[in-house]
Amino acid sequence: MKLSFGFGTGTQEVSVPEQNLIGVLHANDVSVSCTGEAEVRRALAAPIGSPRLREIVKPGETVAIITSDITRPMPTHLVMPALLDELYETGIRKEDITLVFALGSHRKQTEEEHRRLAGERAYREIHCIDSDPNDCVSYGNTSRGTPVDIFRTVAEADRRICLGNIEYHYFAGYSGGAKAIMPGVSTRQAIQANHSRMVRPECCAGALETNPVRLDIEEAGAMVGIDFIVNVILSEHKEILRAVAGDAVAAHRAGCAFLDTLYRKEIPARADIVLVSQGGAPKDLNLYQTQKALDNAKHAVKDGGVIILIGSCKEGLGEKTFEEWMTSAPNAYSLIERIKREFKLGGHKAAAIAMVLERCEVDLVSDLEDEFVRSIFLVPQPSAQAALDHALEKCGRDATILAMPFGGSTLPTVVSK
């Protein structure tokens, strides 16, 4: 069987023996009444746990709209026209609205990236800026001791509207909701304090009410004050299938419930070989982002098996601390020991990769140099097909194979029949 996996702006094609293939994890079929911008307008007209935005925002107030940066597939350009129309109906002036791209710990963006993310209309009509972790206002600490230091433009706005796309997150449970605030527009120190809890077993994909990372994020959001959210759930082809709007927690929970019907995938057993991709650009820009697909794939592979991770990583590793940890470690196990001694943002992803490597081999199909890939404890492969051929040699010609073409989205769960 021929399978296609996103790789940057292109694809990697693989021929998989049908007798070995135990599943291809795509989204479940769901019924939707409308999609795209029409669905966003529907959600804005029917907010969850909140009045309509036009009843919240008053003329003369300043509004900060916080949205995702270039590393996320959030289609801000599709959400902004409906959102701006709703705001303008309240009497808000264009000059009182700022669109803030939440960088978290990511790199600064170019003006062209701002324009592409915001869409032509928003880019023309309102201010569009990156968040700056060096210009923040302190709200104190959460009950768990996380400093709540928020980008000044967001902190000083009269109203805060958070945008985002909801997908599984390997230790925050799900993306979206108050994550636009923490870590989106927070300081590195704050992000590090929040993310340090990732080593706890409750901090995993699909966990909410028992997840201390998610609960800490939502406490921080409540301290800052989130007036409204607009979150979307995307199809495998990045089309808006569902939008939720309203209260930062109630609307987010509704979005997560929909995501589960779409992407939580039951599998009969773990496989010897898992082929996994983030689905292509922008999710596989670097290894820091591509790791998310690897973390979901770990739930589907047998101990001693092989994960074939397919991602361009054309921008390299993607984060300075992550790179330092990966390139200076004498072996993968040392990364796990190091994270126990000194939690550090960026290092946490290195340790997460090392924890997968304790259980299985990880072969990487990427644009990175082979020698460099070997130096970070992964096995370089020139193509997905070559990687599968290698894995079949290692695991045997009868090895079971599972494919995850959108691995950052689909969450495999073993269910015994």
Side-chain angles (χ1 to χ4, degrees), residues 23-30 48 68 72-74 164-180 182-183 194-219 221 229 231-236 241-244 248-271 274 276-279 283 289-302 307 309 348-349 351-353 355-356 359 402-417:
V24 180
L25 302 191
H26 287 287
N28 297 311
D29 291 329
V30 295
I48 299 167
S68 304
R72 302 292 187 268
M74 169 62 194
N165 71 294
I166 300 176
E167 58 188 1
Y168 292 113
H169 189 279
Y170 71 108
F171 63 82
Y174 299 78
S175 63
K179 236 174 149 284
M182 170 77 75
N194 171 264
H195 286 13
S196 67
R197 299 172 184 87
M198 67 164 282
V199 295
R200 295 174 59 169
E202 316 95 285
C203 302
C204 60
L208 283 169
E209 306 300 344
T210 59
N211 188 329
V213 169
R214 167 54 64 176
L215 296 176
D216 193 54
I217 285 169
E218 290 176 345
E219 184 181 348
I229 71 166
N231 280 186
V232 298
I233 296 92
L234 305 178
S235 74
E236 293 173 333
L241 286 184
R242 176 64 56 88
V244 291
V249 175
H252 181 254
R253 292 293 188 274
C256 294
F258 179 81
L259 185 84
D260 283 345
T261 67
L262 188 63
Y263 287 125
R264 193 180 284 270
K265 301 294 296 185
E266 295 184 354
I267 58 175
R270 292 176 181 261
V274 178
V276 64
S277 164
Q278 271 280 64
K283 289 186 172 186
Q289 300 302 327
T290 303
Q291 177 272 340
K292 293 175 183 177
L294 174 64
D295 211 81
N296 280 351
K298 77 181 182 186
H299 299 290
V301 72
K302 290 180 181 178
I307 294 175
L309 182 61
H348 72 296
K349 287 223 177 186
I353 290 174
M355 286 187 274
V356 178
R359 292 187 47 237
L402 186 74
M404 299 174 62
F406 300 90
S409 300
T410 44
L411 180 64
T413 305
V414 176
V415 177
S416 300
K417 301 296 184 183

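Positions are given from 1, in the same order as the sequence printed here. Below, all heavy atoms of this structure are taken into account, side chains as well, without hydrogens, waters or symmetry copies.
Side chains of V276 and N296 form no contact here, defined as non-hydrogen atoms less than 4.5 Å apart. With a 4.5 Å cut-off on side-chain heavy atoms, Y263 and L411 do not count as touching. Taking the side chain as every heavy atom from C-beta outward, H299 and K265 never approach each other to under 4.5 Å. When side chains are defined from C-beta on, E202 does not count as touching R197, because their heavy atoms never get closer than 4.5 Å.
When the options K283, K179, R264 are evaluated for a salt bridge (charged side-chain N to carboxylate O under 4.0 Å, His left out) with E167, the one that passes is K283.
Across I229 and A248, no two heavy atoms sit closer than the pair CG2-CA, 3.7 Å. Shortest non-hydrogen contact noted between P268 and V414 is O-CG1, 4.0 Å. Nearest heavy-atom pair across P73 and N165 is CG-ND2, 3.7 Å. Across all non-hydrogen atoms, the minimal contact from Y170 to A352 is CE1-CB, 4.0 Å. Closest of all the heavy-atom pairs between P405 and H26 is CG-CE1, 3.7 Å. Heavy-atom minimum distance, A300 versus P412: CB-CG, 3.8 Å.
Note that CD1 of I307 and CG of L294 are 5.0 Å apart. Values are rounded to the nearest 0.5 Å. Distance CG/L262 to CD1/I166: 11.5 Å, rounded to 0.5 Å. Note that SG of C203 and CG of D216 are 9.5 Å apart. Values are rounded to the nearest 0.5 Å. The CD atom of Q278 sits 10.0 Å away from atom CE of M404, with the distance rounded to the nearest 0.5 Å. How far OG of S409 is from OH of Y168: 9.5 Å, rounded to the nearest 0.5 Å. Atom CG of L402 and atom OG1 of T410 lie 8.5 Å apart (nearest 0.5 Å).
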task: Give the intermediate values and the outcome of side-chain hydrogen bond (donor to acceptor under 3.5 Å, both in side chains) for residues Y174 and D260.
output: CA-CA 10 Å; Y174 299 78; D260 283 345; 2.9 Å; yes
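Distance alone, capped at 3.5 Å, places no donor-acceptor pair between the E218 side chain and the V249 backbone. Looking only at distances, no side-chain donor or acceptor of R242 sits under 3.5 Å from a matching main-chain atom of N231. Of the possible polar contacts, one joining the R359 side chain to the K298 backbone as a donor-acceptor pair under 3.5 Å is found. Under a 3.5 Å cut-off, the side chain of N194 and the backbone N or O of V213 do form a donor-acceptor pair.
Salt-bridge annotation for D295 and K292: absent, with no side-chain N of the basic residue lying under 4.0 Å from a carboxylate O of the acidic one.
With sequence neighbours left out, the ring pair (Phe, Tyr, Trp, His ring centres under 6.0 Å) criterion links F171 to H169, H195, H348. Scanning for side-chain contact (heavy atoms from CB on, under 4.5 Å) contacts around A243 gives E39, V40, A43, V232, with sequence neighbours left out.
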